[in-house]
Amino acid sequence: MEENAQVDRQPETGAGLPGRLLARAFFDAPPQLVAPRLLGKVLAHRTGAGLLAGRIVEAEAYLGPHSDPPDPAAHAHRGPTPRNCVLFGPAGHAYVYTIYGRYFCMNVSCEAEGRAGCVLLRALEPLAGTEVAQMARNRGLAPGDLTAAGLVRQLASGPGRLCQALGLTRRLHNGLDLANPASPLQIRDDGYAVTEVLATARIGIREAVDWPLRFVLPGNRCVSGAKIAIGKRVLL
DNA sequence: AGGCCGATCCTCT
DNA sequence: GAGGATCGGCCTA
């Protein structure tokens, strides 16, 4: 609507980006509340190859060591280390780490400084109008394959795939401020309306496996691990 | 100083 | 459905 006009007046804050930037206050809340609210929002990465962006359709909350009971599956569980120190900083920053020596995973830090809750971004639905072909190349897929049914799902359905598609690495992106209009990596609200969120058990962990801290947009084609479709409704 | 092991993905049966 | 790739970081000694 009027958004285009506003973008033209402030090109440095949102030129070419969909919707509006999420404020830091959005992230300054416990992760089990931030995670479901992040569904439907857009993760946007500005690169030399254009805008790589997708809608968040799956996310997991990891609780900080201050929580009761503490979350034994969280990286911050045993307190700050060189790897996880971003989580103990202010909310709204990217925590990107290496997993299995080959892949990266991206989290969003939550809560005030000193509290290390976070949200793992597990799956995106590629956003129409962005450089989807580049995301496919980043994933080692031929852009032509995208026309085939089911292959959109291969782009960013999974935390490692998500980072690969958007070109996110620990070296370049860990610690970036997601709520800064000058940042190449942002989370934005393009007005997409979420009607229903399901909570399920988290994936790929050994501790606290039955805590219902994984949140999905039910029925979305890009949600990972289709086996775990059962879950409880979440009130937003 | 060294060993262990993952908030994963892909391939093969 | 199972197993291998692959390595930085964290824990223990």
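Note that these values count all heavy atoms, side chains included, but never hydrogens, waters or copies made by symmetry. Reminder, nothing fancy here: chain letters follow the sequence lines and each chain counts from 1.
Atom CZ in Phe104(A) sits about 15 Å away from atom P in dT6(C), given to the nearest Å. If you measure from atom CD of Glu60(A) to atom C1' of dT8(B), you get 12 Å, rounded to the nearest angstrom. Note: OH (Tyr100(A)) to P (dG4(C)) measures 15 Å, nearest angstrom. Between Tyr95(A) atom OH and dG8(C) atom P the separation is 15 Å, expressed in whole Å. Atom-to-atom, CZ of Arg170(A) to P of dT8(B) comes out at 17 Å; the value is rounded to the nearest Å. Taking atom CG of Asn84(A) as the reference point, atom P of dA7(B) lies 12 Å away to the nearest angstrom. If you measure from atom OH of Tyr97(A) to atom P of dC10(C), you get 12 Å, rounded to the nearest angstrom. Put simply, CD1 on Ile99(A) is 16 Å from P on dT6(C), counting in whole angstrom units.
A cation-pi contact links Arg202(A) to Tyr62(A), judged by a cut-off of 6.0 Å to the six-membered ring centre and 45° from its axis. Annotation: cation-pi pair Arg55(A)/Tyr192(A) present, NZ/CZ under 6.0 Å from the ring centroid and within 45° of its normal.
Between Arg122(A) and the phosphate of dT8(B), there is a side-chain N or O to OP1/OP2 separation shorter than 4.0 Å. Contact annotation: Arg78(A) does not reach the phosphate of dC10(C) (side-chain N/O to OP1 or OP2, under 4.0 Å). Of the side-chain N and O atoms in Arg83(A), none sit less than 4.0 angstrom from OP1 or OP2 of dC11(C). Listed pair Arg139(A) / dC10(B) meets the phosphate criterion, a side-chain N or O lying under 4.0 Å from OP1 or OP2. Put simply, Arg102(A) has no side-chain N or O that comes within less than 4.0 Å of OP1 or OP2 on dC10(B). Side-chain N/O atoms of Thr81(A) include one lying less than 4.0 angstrom from OP1 or OP2 on dC10(C).
Less than 6.0 angstrom separates the ring centroid of His75(A) from the ring centroid of Tyr97(A).
Set against dT8(B), dC9(B), dG6(B), the side chain of Arg206(A) has dG6(B) as its closest nucleotide.
Residues Ala53(A) and Ala44(A) share a closest heavy-atom pair of CB-CA, 3.9 Å.
When the nearest nucleotides of DNA chain C are assigned to Gly101(A) and Pro82(A) by heavy-atom distance, the more 5′-ward of the two goes with Gly101(A).
The same atom, P, is picked in dG1(C) and in dA7(B); the two are 23 Å apart, to the nearest Å.
Note that the CG atom of Leu124(A) and the CZ atom of Arg161(A) stand 12.5 Å from one another [nearest 0.5 Å].
Both distances falling under 3.5 Å, in either a Watson-Crick or a G-U wobble arrangement, occur for no nucleotide opposite dT6(C). Figure legend. dA7(B) is base-paired to no nucleotide; pairs are counted as Watson-Crick or G-U wobble with both atom distances under 3.5 Å.
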